Amino acid sequence: MVSHNFCRKCFRAIYQYILYYYILTRLEPDRCLYLAIHQETYSELFQEPIRKILLENQCLCLLVFDSKREVLPT
């Protein structure tokens, strides 16, 4: 089960992402904003159907990385 504190941090990160997204699309519409997220968090939080809903409109672009190895998965 995901803790309340963990959920609060995730929602705060998504809120900040959305705020930056709207500012960036107005100031520099050709740029793309990514939300970096640990691979473990992605596996726990972004499971179907939540992942499909959040990612299908392409408003939320994720950059998933392996925090233990400090690399991007291939």
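For clarity, every value in this text was computed on a predicted model and none was experimentally measured.
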Would you give me the side-chain donor-acceptor pairs under 3.5 Å for residues 29-36, sequence neighbours excluded?
from : atom 1 : to  : atom 2 : distance (Å)
R31  : NH1    : E28 : OE1    : 3.3

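- In this view, R8 and N5 satisfy the side-chain hydrogen bond (donor to acceptor under 3.5 Å, both in side chains) rule, not counting sequence neighbours.
- Between the side chain of Y17 and the main chain of C61, a donor-acceptor pair closer than 3.5 Å is present.
- The other members of the hydrophobic cluster of L27, by chain and number, are L19, I23 (side-chain heavy atoms under 4.5 Å, ILVMFWY only).
- Smallest separation of non-hydrogen atoms from Q39 and D66: OE1-CB, 3.7 Å.
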